Structures are given as structure tokens and as C-alpha cells.
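The structure appears right after this line, and notes come after that.
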Amino acid sequence: MNPGGRAVAVDFVEDEFEEIGYPETLPTYSPHMDESAAARRRLGKGKPEGAEEKVWYDDEDDYKAPSVRSISGGRPAQLALPPPTTLREFIFQNMPSIPPLVYTLLACYTRFHRIGLSATVVWDEAHFGKFASHYLKREFYFDVHPPLGKMLVGLAGLLSGYNGGFDFKSGADYPPEVPYVAMRVMLATFGVGMVPLGWFTAIELGMSQWAAHLVALMVLFDVGWLCISRFILLDSMLLFFTFLTVFCLSKFHNQQSHPFDFDWWTWLAMTGISIGLVTSVKMVGLFVTALVGIYTLQDLWDKFGDLHLTPREQAKHWGARVLCLIIIPILVFMATFKIHFMILNHSGPGDAQMSSLFQANLYGNDFHNNPLEIAIGSKVTIKNMAFGGGLLHSHVQTYPTGSNQQQVTCYHYKDENNEFWFWPGWDQKDTVWDPKYGSHDPNDEEVRFLKHLDVVRLVHVPTTRNIHSHTIPAPVTKANWEVSGYGNATIGDVQDHWVVEVLGDVVRGDVNRYLEPKSATVDPRARIHALTTRLRFRHQVLGCYLSAGRTSLPQWGFKQIEVSCAKEEAGSKPAEGTIWNVESHWNTKLPPAARSLSRSPFLTDFIHLNIAMMTSNNALVPDPDKEDLLASKPWEWPFLSVGLRMCGWGDSQIKYYLMGNPIIWWGGSISLIIAAFVSVGLVVRRQRYGGGRGTRKPAPNSLNGDSGRNGAALASRPGDGLTQREWAQFWHVTRIAGGGWILHYLPFLIMGRVTYIHHYLPTLYFAVLMFAHLLDYFVFQVPSTASASLQAVPTSSISLSDLSSIPKIIRTFRSLPRITRIKVYVFSITVSAIFGTFWWFRAVAWGIEGPVRDTWGLAWRENWNIYH
């Protein structure tokens, strides 16, 4: 009706309107919802047959967040482009690949530039280069880290033509036959791969192109990551696989709206594989594994609250995660150890860390020359059979507390101080000839084989001290009695007596059934064998058992394993630490016994080595009596309070200083603090004002626009200014970056081992992501208005070769929307600061030549010991 009340006929001419074709199928999500949120609004599979799928199309203001919180955010869904038909289309479709390609080429330059400048063994090349030598010579060694990274170092040596003959002493010059440059280049390739991974991860996390450029540039220009990637070390591989795990997790997250299709399975499995790889380089990989685990639990919790998923679908989701994120990583981790054992099949310096049966199957060991059956008078080494157990050991140093007698410990390396005699008790006839104190000819005596319940003395060969126990608490484990070395071959008492208890034999089973108590001879089937018979030594007076736990002695005990006499209740199961076997065996009255032993099970060797690794790692604690100039505290890392000299600092030496790009480290740490406040503020604001942009609509129950008091209050909520998509995106990246930083940093605050600044390098990645994320949230993802851009000067009229075009470029820039110009300013300033500090400190990573005092302006902080 018009104002005059008259009806007006309107004739619509069809030709005056453009005909618009509608697609046959409509999208299943609104512009303000990501696909995972939209998928949850569809009718589930339990709908009646023939029912149409119901799709919601909510506008921004009317959108009501579902009661089930969904894990969303990430890269928006990308439309599949048709195959290119022209070269121009091909170039256009592949334009997104150009930035990471350029950054990869720049990474090659920064990582490989002057990589062979220093021809000396730098820092931990002394360790990991030596491990490469062991792999090439196939000698078994021991280290606290899993084997994958060291096997890759060995592979680099093999491909470079290295023969394994160099011992990699710290600071030594590389001989001409060692291709150290080629080995460094191969391992630096992992450092190159970090840069494109940073770019692609930022894109998959849903960051803008601006933020993705910043992430790639920060990874490219951080001198800490650059320096650590240029040597024969494990850190470049650890960092690469950490980056890879975060990337695969981000890719999998973006497949959540298409569960169980090929890409979904691919990226879920790749996440599991990358977890296995990063953990197989260093156990620090467990921190990023925890990040994946927390993400997965939240994802499954959200799915549990989605009533559209049937129980069968829920079970499939759980089963897929168990398969790909638990079973596959474990298999990858175990496979690296299997390959490790297959390569290192020769006897080497790390034999003593493994079980006696494992050592017996290594080529080059001398066990086949030893007698098989143990007799009184035999000289032996005694191995603890607990996982990670060492060899019974003693040395001339005494306990500073307790009895002040000679220390008895467990030691994980072969040494003459591990050798003991089995001698009879003081109340038995002396049948052993001692060349030091004299006795009768042992050839006049018959061989008396050791058997179950025999009473013996364990006499330390180098010092002739008797292994002794008494009612004095052990130095660390106060609930047990102290075990010490006392007396000598002629001085002792009944406290030196130990009763041999045979628990069985690994190969022969229960051998005690062949014992004949009244017989003077020992049935051959009941004799104690080296390597395989499981023994315990019970103190004849106290009734406690000789035991080695996993407790390390303080520095006065050289961090060796404490040996004590453990009390045990009658009928209780024997503790693992109280079970021993004879390993090496010497007795001139007995012939060598060639024997064919079955191999120890792989799973047993795998567990044994991992426990030994953890035990040795836990022993790496700071020594309060010594000052470690290289060590640092975790709270010194985020703001780069310290650095680390990686080599000698003489004027004629090439010097490397491990530190970071101050702008990147400080900016990342500050961004973490800001993110915490922003997160709290957003939660409070959403709780107070609701979500969305906010409107002034009438309340839902109002009549003719006149709502009641409560309805008006509801209609007037201004919102927190974020769409559902923006809210989900902020929290998704914040959880990944903030959660990853916390999981990587906090463990170092509570662990007791010695720490160095390079331990922060994996943690730094999450600070970098947070730095770019906050700039993205506050600047780069703020929408620009289009009104001002209409006044832009056509780009076709601009030529950089024409000086008269410069004013046009300036006018074009000024005509851009204000927010766009702010983005350019912020991006330009940040990139300039990052590159500028990199260029200023580039020498610490590429090598400082000549006197360091000639390189001016590097000590920005007093604690950086570059000049003093």
C-alpha cells in the first residue's frame, strides 16, 4: 500500500534482470561456521529412512553456539580447483607454493654457508660423531638417547665415505680422511626443512599469509636454530621432527569434517609416525607427544557429547586413535631399537649396560673362552639381572658416613674393580691359593663346584676386601643395611658370609630338583652356570639380600648405583634388584666350555636398554662442588639471559656462540604473557556479554517490540566482538602454541638433571607460533574496509623503472584502507627487526674469526659471556 492508500500495479520486465544460476547442491556450512561445526548440525545417521538431511543456515547475529563444544578453527576449507588448461592458470594455481620454495632456498643458504669453516670437533660432535664411528664399526655402545638420530648420523657418515676410524676428541682437528663437511651438510638438511614446515604449519593453523611469512622468517633467521643445525648433532633432527609432528597434527585437524576418508587416515597415521620419530631421536619428544595426546582427548570428549554420532562411530573414532597415535608410535620407536641391535652386533664399550645373555651373542666377546660351571676359587664378575642393572663393583674410596669402610657399588662399565673371588667361609677349610698371602698348592685340592645354599665370601680381587654387611643404614636407602668392603684375605668375621640361593636357570629351568642333600658331590645338572643361572646372596647373619636398586650415590660415590642389603619378608616375591648372575668367569682348573646359547628376547633387551637409559639420564644432575660454565637454569632461557660457548675461545680459533635472535626470543616470551591475559579477558567478556558481534534486536518473547525487563536485557547484550569462527580460531591456535610451550618448558623446571640453553630450542617454536598468532589476531586478521580502496591508482599504469611512477606508488599506498596500511607498517617493522638482529648476530652462528674483541656490539646482556 502506498501512503495514499491506493494500490499500485508494478510490471516486472524479465529482460531487465540478470538470470543467476543456482548450484545443484548447497554448502553444508554458513560463512561463520567451519566445517566441523557445520557437520555437527546435520541430522545423524540414525535418521528415518528417506528423511532429508537438515542443514542450518544461521546468519552471524542469529547464530547460537551449540551446547556441545567442538574443536574447530584451523585452515578454512579450500575449494578444489579444476585442472589447469593454460600456463597462466597453472602458474596462478601454484602461486601459494612460491613463498615456501623461496624460504627453502634461503634456508639452504643460511644453513650451508661457511659450514666447513671450523675444521675442529665442535661441542657435542665429540659424542655423536663417535657414535657414528661405532655404527660404522658395528660396535655396541651405550648412550642416554634413543638410537634414531645417532643412526642417521652414522648414515650420513656412511654416505660421505667415512670409515669410522676417527675418535672425535673434543677440540681435535679433523684429519683429511674424515668428510666432516659432507656430514654436517647432510644433517643441516633437517634444519633447512624446518623453514617450509614452519610456513605450512602456520597456514594449516588458519593463520593469515602475513603471519605465515612471519613464522617462516623467524624460523629462518633465528641464530640459535641456525647455529645448532650446522654441526654433527641430534638437535636438527629433534627440531625437524617436532615441527613435523605439529604440522601433521594441524593437517589432521583440518580433516575432521571428513572422518575416515583417505586424507583423514593419512594425516592421523602421519601424526603417529612423526610422534614415533621425534621420540626415537630424544625422549624430549614425549613433550610434543603429550600435546597430541591432550588434543586427542579433547577431540574425543567433544565427540562423546555429540549425540549425532552412534556408539559404533564413537568406537571407530577411539579405535583409530589407539591404532594411529599409540600403536604406530610404539612400533616406530621399537623398530629403531631393533635396527640398532641388528647393526651393533659386535662387542663394544657399552656391553656392560646389557644383560649377560645379550652380550654372549655379540661377536668378539670372550665369554666362549670362559669355563661354564662355577667353583669355589673362581674369579668372576657378577651382574645384576634387574632391568638396567650393572656389575658389582668396589673401589678404594670409602663411605664419608656410616662405617667409613670401602664403598661397594654397581657400575655399568667393564673394569678390573668389578672382579671378585668366590672363597669359602672363615669356618671352612682353605682350599684357595692366594698368591699375595701364600697358601698350599691348589693343585692338591679337588675342584668343589658351587651349589645352592653354599656359604661363601665375595672377595674383591684388587683390594682383597670382603663384601661385608652390618646393622648400619645404607647411605641413601636408609631402610636397608650398608654393604661395604672390610678386612682382607686373612682378616674378617662372620659378617662376611653370604648364602648362595639358586632361583633357577634361564636355559635349564629349575636346577635345584637335581640336588642330593646327603651327597658329597654336586650333580652336574645342579651346578651353577655362568651367564644363565639366577642367584641371590643372603647375608648369613642379618638375613637380608645383596641388592642393587636404581638409586645413584652422590658425587662422592661417583654417581654409581647404590648397593645395599635389602630386608625382605619371609615368603615375599624376590625383588628384581636382589637377583644376580655370573657374567665373566676365570678358573685355571676348569676348561673353557664352548656353548651355544639362545638369544635373549628382543622385548627383554628393549626394556633393559630403555631402563638403563633412564637411570643414566637421571644421574646427570648438577654437581654442587663443581661449577659448570656451560649449564644454565630454565628460567634464564625465555628472555635469553644466557648463551653458551660451543668451542674454545682462543684468538686463532673459529668461535661459535649458541644464543638466539633477541627479537624473536623476547617477542615470543612477551607474547605468551599477553596471550594469557587476552585469553582470560575474552572468557570473562563472553561470559558477561555473550558471543558474536552484538545486536539491538527485540527480545524473542517481546510483543510489538515491547519486551519485558528480562527480555530487554537479553536483547541488549553487545557480544564480545568475535564471530564463532574467530572465537574457535583464536582458541585453536592458542591451545596448540600455548599448550605446546607449557608442556615443553615446565618439565625442565621440575627435573633435577643438568640443563643447557639448547634444551629450550624445541620450546621456542611454540613461542614463535604464539608471537605470530597474536599479531595475526590483533592486526593481520582485522577486516579491511573496501571504500577507500576504490580510489586506488590502477596498477597497470605503474612501472618501477619509471621514476615518475614513484609518486603513483605512494598515492596508491596512501589510498589503501587505513587498517591495510597498519598491517603493512607492522609487518615491515617486525620483519626489519628480525632480519636486522639476525644480520647483527650472524657471526655467532657462521663463525667468529680472529680475536672476539674485534667483533663489536654482541654483548647486549651482561650475562652473555662473549667477551669475558
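Since this is a predicted model, take the numbers as computed values, not measurements. No hydrogens, no waters, no symmetry mates; every other heavy atom, side chains included, goes into these values.
- Closest heavy-atom contact between C647 and V122: CB-CG1, 4.4 Å.
- The NE2 atom of H497 sits 5.0 Å away from the CG atom of D427 when rounded to the nearest 0.5 Å.
- To the nearest 0.5 Å, the span separating CH2 on W586 from NZ on K379 amounts to 6.0 Å.
- In this structure, the ring of F358 has its center less than 6.0 angstrom from the ring center of F341.
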Note to self: Walk me through whether I328 and V332 qualify under side-chain contact (heavy atoms from CB on, under 4.5 Å).
What the structure shows: CA-CA 6 Å; I328 287 180; V332 171; 4.3 Å; yes

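- Taking every heavy atom of both residues into account, G577 and N384 meet most closely at O-ND2, 2.8 Å.
- For the atom pair NZ (K559) and OG (S616), the distance works out to 12.0 Å, reported to the nearest 0.5 Å.
- Of the possible polar contacts, one joining the T381 side chain to the S584 backbone as a donor-acceptor pair under 3.5 Å is found.
- Using modelled atom types, one side-chain atom of H460 and one backbone atom of N417 make a donor-acceptor pair closer than 3.5 Å.
- Atom CZ of R457 is separated from atom CD of Q540 by 12.0 Å, given to the nearest 0.5 angstrom.
- Within the 4.5 Å cutoff, side-chain heavy atoms of V754 are placed close to those of Y756.
- A donor and an acceptor atom, one from each side chain of H529 and T532, are nowhere located under 3.5 Å apart.
- With no hydrogens or angles considered, a side-chain donor-acceptor pair links D605 and S600 at under 3.5 Å.
- The two residues H395 and Q407 have their closest heavy-atom pair at NE2-OE1, 2.8 Å.
- For the residue pair P424 and I376, the shortest heavy atom distance occurs at CD-CG2, 3.7 Å.
- The shortest side-chain heavy-atom distance between N466 and Q495 does not fall under the 4.5 Å cut-off.
- Residues S133 and D167 form no side-chain contact, since every pair of their non-hydrogen atoms from C-beta on lies 4.5 Å or further apart.
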Notebook entry, point to check: Yes or no on side-chain contact (heavy atoms from CB on, under 4.5 Å) for F602 and K338, after CA distance, side-chain angles and deciding distance?
Noted result: CA-CA 7 Å; F602 164 71; K338 180 64 175 179; 3.9 Å; yes

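- Put simply, the side chain of L535 reaches to within 4.5 Å of the side chain of V502, judged on heavy atoms.
- Comment: D235 engages K282 in a salt bridge, judged by a side-chain N to carboxylate O separation of less than 4.0 angstrom.
- Ring orientation note: the planes of H134 and Y141 are close to parallel, at an angle under 30° on the 30°/60° scale.
- The closest donor-acceptor contact from the side chain of D351 to the backbone of G348 lies under 3.5 Å.
- For F131 and Y135, the ring centers sit 6.0 Å or farther from each other.
- A donor-acceptor pair under 3.5 Å is formed between the side chain of W580 and the backbone N or O of L546.
- Contact check for Y486 versus S403: no side-chain heavy atoms found under the 4.5 Å cut-off.
- Counting only distance, with no hydrogens or angles, the side chain of E562 and the backbone of A474 share no donor-acceptor pair below 3.5 Å.
- Under a 4.0 Å N-O distance rule, the pair E125/R184 qualifies as a salt bridge.
- Using bins of under 30°, 30° to 60° and over 60° for the plane-to-plane angle, the ring pair Y180/Y174 lands in the parallel bin.
- No donor-acceptor distance shorter than 3.5 angstrom exists from the side chain of T279 to the backbone of G276, with no hydrogens or angles considered.
- Using a 4.5 Å cut-off on side-chain heavy atoms (C-beta onward), R465 and S394 make no contact.
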Next item on the list: Any chance you could lay out the side-chain contact (heavy atoms from CB on, under 4.5 Å) test for W498 and H539, step after step, and finish with the verdict?
Entry: CA-CA 5 Å; W498 300 88; H539 196 266; 3.8 Å; yes

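- R508 and T533 form a side-chain donor-acceptor contact under 3.5 Å, judged by distance and modelled atom types alone.
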Item checked: side-chain contact (heavy atoms from CB on, under 4.5 Å) between M385 and V506, worked out -> CA-CA 11 Å; M385 296 191 72; V506 174; 4.2 Å; yes

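- Residues A172 and F166 approach most closely at CB-CZ, 4.3 Å, considering heavy atoms.
- Here the straight-line distance linking atom NZ of K414 with atom CD of E583 works out to 5.5 Å at 0.5 Å rounding.
- Residues V522 and Y514 have side chains not in contact (no heavy-atom distance under 4.5 Å, counting atoms from C-beta outward).
- Using a 4.5 Å heavy-atom cutoff, the side chains of C410 and L391 are not in contact.
- Distance alone, capped at 3.5 Å, places no donor-acceptor pair between the N617 side chain and the V144 backbone.
- Neither side chain, N488 nor T464, offers a donor N or O lying under 3.5 Å from an acceptor on the other.
- Residues S347 and G364 approach most closely at CB-C, 4.0 Å, considering heavy atoms.
- When atom types are taken as modelled, the side chain of K383 and the backbone of S355 share no donor-acceptor pair closer than 3.5 angstrom.
- Note that the CE atom of M183 and the CG atom of L152 stand 11.5 Å from one another [nearest 0.5 Å].
- Between the side chain of H608 and the backbone N or O of Q353 there is at least one donor-acceptor pair closer than 3.5 Å.
- Within 6.0 Å of NZ in K169 there are 12 or fewer heavy atoms belonging to other residues, nucleotides or ligands.
- Between the N587 side chain and the V380 main chain, no donor and acceptor come within less than 3.5 Å of each other.
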